[in-house]
Asker: 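Encoded as structure tokens, here's the structure I'll be asking about.
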Amino acid sequence: MRGLLADVNAEGYLQALMRVCRGPGWRGLWLELRVPVFTFDDLSIDRELADSEIWAFCQREGLVLLTDNRNEEGEDSLGATIRSRNAVESLPVVTPADARRLLVDRAYCERAAIELMEILMDIESRRGAGRLFIPRET
Amino acid sequence: MSDEEPIIRDWCGIPAVRGSRLTVLHIMDHTEAGRSTEWIAEFYRIPTADAQAAVDYIRQHHEELLPRYLKALERNRRGNPPHINAILAKSHEKLMRLKAEIDRRREEAGNARVAR
């Protein structure tokens, strides 16, 4: 895995998660995981690409996509792409279960950040999982 | 719609801010929470005019958008199936062991510095 890519719709939520990961208590662990974090701008990714193309790009480049994408319907939606193209070796995409709450509930955000680190730590055994929601229980 | 309009249909047919990967359903998270157009523009790093167009669109089509918005929220909140959660839970113990090890090493390094 090359790193974590924040979708355009998730950059603000990534910042909330990173405040936990890089903050008191978790910084040492986050550094130990050695996961580079990228935005679309960092990698010059075209924001007009369809979900299916973004998913394929992430698989090709070894990136775990953090996305607030909720598209399930339509041939090119992320949900349909995962259903049709996900394979045992595919990297998962990670989606906040309740993105709004990340901004207003510190404990909830911390749970989500910890679970993101858990996924990244064990990423090789998370291949093929499709879409993973964080945190697990709300 | 002309090519210049800020609100288009994305590849899934959902109204979206042109060139942003943001559907109006994303913006609704924040209009429903009472956040300002300026806040939304800054949060998503889009021009204020585009955020305003999305807010206006939501205001004009709120009744038809709301069921779709609530459905998407509910789908995400259901989260992972139980068998995936069971697998993920195993990583938690491993992460906490790793954290404890890192904290211990840092503490030892700190103590060594004090002793010197």
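Because the structure is predicted, anything quoted here is derived from the model rather than measured. FYI, side chains are in, hydrogens and waters are out, and symmetry mates aren't considered; it's all heavy atoms of this structure. Naming: A, B, ... by sequence-line order, numbering from 1 per chain.
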Asker: Is the side chain of A:Asp42 donor-acceptor paired with the backbone N or O of A:Thr39 at a distance under 3.5 Å, no angle test?
Answerer: yes
Asker: If you count heavy-atom pairs under 4.5 Å between each of A:Arg47, A:Glu115, A:Glu11, A:Glu118 and chain B, which one has the most?
Answerer: A:Glu118
Asker: Determine whether A:Gln59 and A:Leu91 make a side-chain contact, defined as any pair of heavy atoms from C-beta on separated by less than 4.5 Å.
Answerer: yes
Asker: Under 4.5 Å heavy-atom distance to chain A, tell me which part of B:Lys90 shows up: side chain, backbone, both or neither.
Answerer: neither
Asker: Quick one: are A:Leu43 and A:Arg2 in side-chain contact, heavy atoms under 4.5 Å?
Answerer: yes
Asker: According to the interplanar angle, ranging from 0 to 90°, do the rings of A:Tyr13 and B:Phe43 count as parallel (below 30°), tilted (30 to 60°) or perpendicular (above 60°)?
Answerer: perpendicular
Asker: Is A:Arg126 in contact with chain B via its backbone, its side chain, both, or neither, using a 4.5 Å heavy-atom distance?
Answerer: side chain
Asker: Give, as side chain, backbone, both or neither, the part of A:Thr95 having an atom under 4.5 angstrom from any heavy atom of chain B.
Answerer: side chain
Asker: Tell me, side chain or backbone of A:Leu103 under 4.5 Å from chain B's heavy atoms, or both, or neither?
Answerer: side chain
Asker: Quick one: which of A:Leu132, A:Ile134, A:Asp46 has the most heavy-atom pairs under 4.5 Å with chain B, could you say?
Answerer: A:Leu132
Asker: Could you check whether atom CD of B:Glu93 has more than 12 heavy atoms from other residues, nucleotides or ligands sitting under 6.0 Å from it?
Answerer: no
Asker: I need the full list of ring pair (Phe, Tyr, Trp, His ring centres under 6.0 Å) pairs touching residues 39-63 of chain A, with sequence neighbours left out, sorted by first then second residue.
Answerer: none
Asker: Measuring heavy-atom distances to chain B, does A:Asp68 have an atom under 4.5 Å in its side chain, in its backbone, in both, or in neither?
Answerer: both
Asker: For B:Arg45, is there an ion pair with A:Asp41 - N to carboxylate O distance below 4.0 angstrom?
Answerer: yes
Asker: Under a 4.5 Å heavy-atom cutoff, which of A:Glu75, A:Glu48, A:Met121, A:Met117 has the most pairs with chain B?
Answerer: A:Met121
Asker: Less than 4.5 Å apart, any side-chain heavy atom of A:Asp105 and any of A:Asp98?
Answerer: no
Asker: Taking it one step at a time, do A:Asn69 and A:Asp51 satisfy side-chain hydrogen bond (donor to acceptor under 3.5 Å, both in side chains)?
Answerer: CA-CA 9 Å; A:Asn69 184 303; A:Asp51 292 349; 2.9 Å; yes
Asker: For B:Ala89, does its backbone N or O pair with a side-chain atom of B:His92 as donor and acceptor, under 3.5 Å?
Answerer: no
Asker: Only heavy atoms, only distances under 4.5 angstrom. Which residues in residues 95-107 of chain B are near chain A?
Answerer: B:Leu95, B:Met96, B:Leu98, B:Lys99, B:Ile102, B:Arg105, B:Arg106
Asker: Against chain A, label B:Ala16 side chain, backbone, both or neither, depending on which of its atoms sit under 4.5 Å from a heavy atom there.
Answerer: neither
